[in-house]
Amino acid sequence: MTADATPFERLGGEAAVRALVDAFYDRMDVDEAYAGIRALHPPALDRSRDKLNWYLCGWLGGPQHYVERFGHPRLRARHLPYAIGTAERDQWLACMRAALGDAEVEPVLAASLMGAFDGTADWMRNRDG
Ligand code: HEM
């Protein structure tokens, strides 16, 4: 692995991103702590898994699967139908932190990914409280 490896490469490529996304939605589906954001999602999570997987591959510096399928992510606009305040932001981040542990992502990489997720999740807030 070269020093300028992308986060996508450091994580372990496509299979590792998918494993992280599956850990994230598996957690959200069973852990009461994330019931608030689980309720915002459709009953079946297959499509949500695919979309987050495709998005994260590109966001981490790998293949642009999401953009190829849907164009520019416009992520904040796409979240406007869902009421996202600090509680939802914090649940999403806590669920992702747990998923990074479940997927056994190396701690230094996990911490740096959490730093990046922090900003993105905060930017998704669309209501007070
Ligand atoms: C801040 C708290 C967040 C909440 C409560 C939330 C919730 C949701 C919900 C309910 C959906 C719709 C799922 C579906 O249609 O199956 C969604 C879609 C999505 N979310 Fe989030 N999300 C949050 C943050 C994030 C963050 C930080 C990212 C990326 C790092 C992200 C990436 C995505 C993507 C790529 C989609 C699919 C968009 C589409 O094409 O329709 N979300 N999110």
Side-chain angles (χ1 to χ4, degrees):
M1 186 91 40
T2 57
D4 57 357
T6 61
F8 176 80
E9 290 164 332
R10 289 173 63 203
L11 193 58
E14 303 236 5
V17 176
R18 182 69 208 203
L20 175 62
V21 168
D22 281 337
F24 176 77
Y25 276 117
D26 287 350
R27 274 271 176 176
M28 197 193 290
D29 215 14
V30 300
D31 197 327
E32 272 301 305
Y34 316 121
I37 55 171
R38 176 63 185 91
L40 297 176
H41 286 74
L45 291 170
D46 309 65
R47 194 68 182 158
S48 315
R49 289 175 192 259
D50 283 346
K51 285 184 160 181
L52 186 58
N53 176 42
W54 291 329
Y55 177 81
L56 288 184
C57 282
W59 187 76
L60 293 166
Q64 297 287 332
H65 297 308
Y66 185 94
V67 174
E68 280 164 17
R69 286 169 174 81
F70 307 113
H72 192 284
R74 300 185 299 109
L75 216 50
R76 192 167 190 287
R78 288 195 211 263
H79 283 77
L80 287 178
Y82 316 105
I84 301 178
T86 52
E88 289 76 18
R89 174 199 66 192
D90 292 347
Q91 282 183 30
W92 195 100
L93 289 169
C95 189
M96 182 55 76
R97 190 175 299 107
L100 286 161
D102 292 344
E104 297 181 358
V105 173
E106 183 271 311
V108 172
L109 176 59
S112 112
L113 293 178
M114 279 311 297
F117 282 133
D118 264 344
T120 310
D122 190 57
W123 175 62
M124 228 65 82
R125 281 187 302 117
N126 52 33
R127 70 170 168 93
D128 291 336

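Numbering of ligands and ligand atoms starts at 1, following listing order. Note that this is a predicted model, so its numbers are computed, not measured.
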Side chains of residues 93-107: which donor-acceptor partners sit under 3.5 Å, not counting sequence neighbours?
unit_1: D102; atom_1: OD1; unit_2: R27; atom_2: NH2; d: 3.1
unit_1: D102; atom_1: OD2; unit_2: R27; atom_2: NE; d: 2.7
unit_1: E106; atom_1: OE1; unit_2: L109; atom_2: N; d: 3.2
unit_1: E106; atom_1: OE2; unit_2: V108; atom_2: N; d: 2.9

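- Judged by distance alone, with hydrogens and angles left aside, the side-chain atoms of N126 form a donor-acceptor pair with the main-chain N or O of Y82 at under 3.5 Å.
- Clustering ILVMFWY residues whenever any of their side-chain heavy atoms sit less than 4.5 angstrom apart, transitively, puts V67 in a cluster other than the one holding L75.
- Residues forming a side-chain contact (heavy atoms from CB on, under 4.5 Å) with F70 (at least two apart in sequence, or on another chain): R47, K51, W54, Y66, R78.
- Residues meeting the side-chain hydrogen bond (donor to acceptor under 3.5 Å, both in side chains) test with R76, sequence neighbours left out: none.
- Pocket lining of ligand 1, defined as residues with a non-hydrogen atom under 4.0 Å away: I37, L40, H41, P42, S48, K51, L52, Y55, Y66, L75, R78, H79, Y82, I84, E88, R89, W92, F117, T120, A121, M124.
- Electrostatic pairing of D50 and R18 counts as a salt bridge here, judged by a charged N lying under 4.0 Å from a carboxylate O.
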